[in-house]
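The structure appears right after this line, and notes come after that.
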Amino acid sequence: MRPDRVRNLALAGAALVLYYGFVSSTGTGIPCLFRYFTHLQCAGCGATRMLIALGHGRLGEAYAAHPVLLAASPFLLWIVGRLALSYARGGSLALRRWEKAGLWALTAILVLFFVWRNLPALRLGWPLPL
């Protein structure tokens, strides 16, 4: 393990924990600029709410916030964990063929989810007032 890289990962993890604590206690997070300007939900809208709900053990709320990312979370955790371990060891950050294929499939599913979740807004006219 390379100490400088382990330190970098620890700092990144600490920043994520601090952000989780801030959002969890205040209810204020980074706003979605796509939603602000278009009044449509982007493919990632709800991810922070999903993570906060998971942190509080509320699986139903997490599913309601973003069902696609909740279902894909084991795969995404695998990717992040493997890359973090490889980074700490000074190894390659290249994705394996099946990991790339999985990320491309997830991207396609997220695009379909984006269209599906915004169909009512698109039928009523754009932009939809919130």
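Summarising the geometry, atom CG belonging to Leu93 is positioned 6.0 Å from atom CG belonging to Leu83; distances are rounded to the nearest 0.5 Å. One finds the CD atom of Gln41 at 10.0 Å from the CH2 atom of Trp116 (value rounded to the nearest 0.5 Å). Atoms CE and SG, from Met50 and Cys45 in turn, are 13.0 Å apart once rounded to the nearest 0.5 Å. Interatomic distance, Phe34 CZ to Phe114 CZ, rounded to the nearest 0.5 Å: 4.0 Å.
In this structure, the side chains of Trp78 and Glu99 come closer than 4.5 Å at one or more pairs of heavy atoms.
Under the 4.5 Å side-chain heavy-atom criterion for grouping Ile, Leu, Val, Met, Phe, Trp and Tyr, Val115 is not connected to Leu106 through any hydrophobic cluster. Under the 4.5 Å side-chain heavy-atom criterion for Ile, Leu, Val, Met, Phe, Trp and Tyr, Leu95 and Leu110 are members of the same hydrophobic cluster. Under the 4.5 Å side-chain heavy-atom criterion for ILVMFWY residues, a single connected hydrophobic cluster contains both Trp98 and Leu103. Using a 4.5 Å cut-off between side-chain heavy atoms of Ile, Leu, Val, Met, Phe, Trp and Tyr, with links allowed through other members, Leu40 and Ile109 fall into different hydrophobic clusters. Side-chain heavy atoms closer than 4.5 Å link hydrophobic residues (I, L, V, M, F, W, Y) into clusters, and following such links, even through other members, never connects Phe22 to Leu18.
Here the shortest heavy-atom pairing between Ser92 and Ala94 reads OG-N, 3.0 Å. The minimum heavy-atom distance linking Leu9 with Ala88 is given by the pair CD1-CB, 3.7 Å.
Side-chain atoms of Arg5 come within 3.5 Å of backbone atoms of Tyr87 as a donor-acceptor pair (strictly under, hydrogens ignored). A donor-acceptor pair under 3.5 Å is absent between the side-chain atoms of Arg7 and the main chain of Arg2, judged by distance alone.
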Leu85/Met1 under side chain to side chain contact (heavy atoms under 4.5 Å, CB included): CA gap, chis, key distance, verdict: CA-CA 9 Å; Leu85 188 59; Met1 295 279 188; 3.7 Å; yes
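For Arg96, the CZ atom counts as densely surrounded, since its 6.0 Å shell holds more than 12 non-hydrogen atoms of other residues, nucleotides or ligands.
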Pairs of donor and acceptor atoms involving the side chains of residues 51-72, under 3.5 Å and at least two apart or interchain, shall be tabulated with distances.
residue : atom : partner : partner atom : Å
His56   : ND1  : Arg58   : NH2          : 3.3
His56   : NE2  : Ser24   : OG           : 2.9
Arg58   : NE   : Glu61   : OE1          : 3.1
Arg58   : NE   : Glu61   : OE2          : 3.0
His66   : ND1  : Leu69   : N            : 3.2
His66   : NE2  : Ala43   : O            : 2.6

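Taking Ile, Leu, Val, Met, Phe, Trp and Tyr as members and joining any whose side-chain heavy atoms lie under 4.5 Å apart, directly or through other members, Leu16 forms no hydrophobic cluster with any other residue.
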